[in-house]
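For clarity, every value in this text was computed on a predicted model and none was experimentally measured. Below, chains carry the letters A, B, ... as their sequence lines are ordered, and counting in each starts from 1.
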2 protein chains.
Amino acid sequence: MREGKRKKLEAKGWKIGGPRELLGLSGEEESYIELRLRLAEGLKARRKAHGVSQIELAQAMRSSQSRVAKMEAGDPTVSLDLIVKSLLTLGTSNRELAAIITRG
Amino acid sequence: MREGKRKKLEAKGWKIGGPRELLGLSGEEESYIELRLRLAEGLKARRKAHGVSQIELAQAMRSSQSRVAKMEAGDPTVSLDLIVKSLLTLGTSNRELAAIITRG
DNA sequence: CTAGTATATGTCAGATCTGACATAGTAGCA
DNA sequence: TGCTACTATGTCAGATCTGACATATACTAG
């Protein structure tokens, strides 16, 4: 992983495990985090496109404004489950979900 | 939601909330569960295609055989996070992930 | 400036998920 | 039959995530 990118992620609160790539083990951790960030971006973009505030989205899915903010900020304490549920609450289809994941 | 499908999901341990669809609120819950089941299926198929046992996959991702079994069974106590991490551990690309989600 | 609206960030008790373990079931083979 | 490998299911203490709340920041409009 690029050192710059690592710095950026650690600033968001991610703790990147040692260089397991040297053991031929992975890149899986990086893929996972990037996937999350992509979904987070997709969520923010979609919410704004719908003209919905964080509070409104939070109410629609019975969560809270702070949790929505954390989702969109890529906070590591938010689960993929919650992010995906948010996208689905906004009416995102499987096809659109796939597009968000693929986009890069 | 079809009554038959609901029965099937409840047998797996899912508790389906009341008919919120009447309030115009959703189908989001159903989408979420179906997405999970699709990923679960994709995981099982991919693992087998790789000729990997549940134990081997579990070791590769520092989980346990029982958890892998639950993932593949669509058990509701398993998070999306874990299922996605499993797929990534098997080397699934974003494009393949998207295909799994879209396939239906 | 003040008020209103939206978003960001930190905290925490309670809810949920996790790995580990035990155990049961299944399939193939000698 | 027994033996081995693989998978399924249940349980639980400890780890992680959650909604709620407080508070801070940023931007507009009056």
Side-chain angles (χ1 to χ4, degrees), chain A residues 8-17 25 28-29 32-33 35-37 39-90, chain B residues 8-17 25 28-29 32-33 35-37 39-90:
Chain A
K8 216 172 206 172
L9 289 175
E10 287 182 343
K12 286 200 172 190
W14 292 98
K15 284 175 191 166
I16 315 295
L25 276 181
E28 169 256 325
E29 186 179 16
Y32 170 68
I33 297 177
L35 176 59
R36 287 178 54 115
L37 295 183
L39 288 170
E41 278 178 42
L43 172 59
K44 188 165 194 165
R46 263 201 145 258
R47 178 181 61 77
K48 290 195 169 180
H50 282 236
V52 175
S53 72
Q54 291 183 344
I55 292 185
E56 289 170 319
L57 173 56
Q59 288 172 339
M61 56 184 297
R62 308 182 187 215
S63 179
S64 62
Q65 180 269 325
S66 59
R67 212 111 290 274
V68 173
K70 284 180 226 286
M71 284 186 229
E72 294 182 355
D75 188 307
T77 75
V78 178
S79 70
L80 242 188
D81 295 69
L82 202 61
I83 300 173
V84 168
K85 279 181 185 169
S86 301
L87 281 162
L88 293 178
T89 298
L90 286 172
Chain B
K8 215 172 205 172
L9 290 174
E10 288 182 342
K12 286 199 172 189
W14 292 98
K15 285 176 189 164
I16 315 294
L25 277 180
E28 168 257 326
E29 186 179 17
Y32 170 68
I33 296 177
L35 176 59
R36 287 178 55 119
L37 294 183
L39 289 169
E41 277 178 43
L43 173 59
K44 188 166 194 166
R46 263 200 143 261
R47 178 182 59 78
K48 290 195 169 180
H50 281 237
V52 176
S53 71
Q54 292 182 345
I55 291 185
E56 288 170 320
L57 173 56
Q59 287 172 340
M61 56 184 297
R62 308 185 186 212
S63 180
S64 62
Q65 180 269 325
S66 59
R67 212 118 281 283
V68 173
K70 284 180 227 284
M71 283 187 231
E72 295 183 353
D75 189 306
T77 75
V78 178
S79 70
L80 242 188
D81 295 68
L82 202 61
I83 299 174
V84 168
K85 279 181 185 168
S86 301
L87 281 162
L88 294 178
T89 298
L90 286 172

Test of understanding: with side-chain contact (heavy atoms from CB on, under 4.5 Å), list the residues that count as partners of Lys8(A), not counting sequence neighbours. none

Partner set under side-chain hydrogen bond (donor to acceptor under 3.5 Å, both in side chains) for Ser63(B), not counting sequence neighbours: none

If the sugar-phosphate is the primed atoms plus P, OP1 and OP2 and the base is the rest, what is the B/S/- string for nucleotides 25-30 of chain D, using protein heavy atoms under 4.0 Å? ------

Taken in chain and number order and not counting sequence neighbours, the residues that satisfy salt bridge (charged side-chain N to carboxylate O under 4.0 Å, His left out) with Arg36(A) are Asp81(B)

Identify, with sequence neighbours excluded, every residue that meets side-chain contact (heavy atoms from CB on, under 4.5 Å) alongside Ala69(A). Gln54(A), Gln65(A)

Restricting to non-hydrogen atoms, name the atom on Tyr32(B) and the atom on Leu80(B) that form the minimum distance, rounded to 0.1 Å. CE1-CD1, 4.1 Å

Which residues pass the side-chain contact (heavy atoms from CB on, under 4.5 Å) test with Gln59(A), sequence neighbours left out? Ile55(A)

For the helix from dC1(C)-dG30(D) to dA30(C)-dT1(D), measure the angle between the helix axis at one end and the axis at the other, each built from five pairs, rounding to 10°. 40°

Residues passing the salt bridge (charged side-chain N to carboxylate O under 4.0 Å, His left out) test with Arg46(A), sequence neighbours excluded, are Glu96(A)

Salt bridge (charged side-chain N to carboxylate O under 4.0 Å, His left out) partners for Asp75(A), two or more places apart: none

Suppose we screen for side-chain contact (heavy atoms from CB on, under 4.5 Å). Which residues come up paired with Glu41(B), at least two apart in sequence or across chains? none

Could you run through nucleotides 5-23 of chain C and give me one letter per nucleotide, 5' to 3': B if any protein heavy atom sits under 4.0 Å from the base, S if only the sugar-phosphate is that close, - if neither? --BBBBB-----SBBBB--

Holding to side-chain hydrogen bond (donor to acceptor under 3.5 Å, both in side chains), I want the full list of residues that pass it with Ser79(A), two or more places apart in sequence or in another chain. none

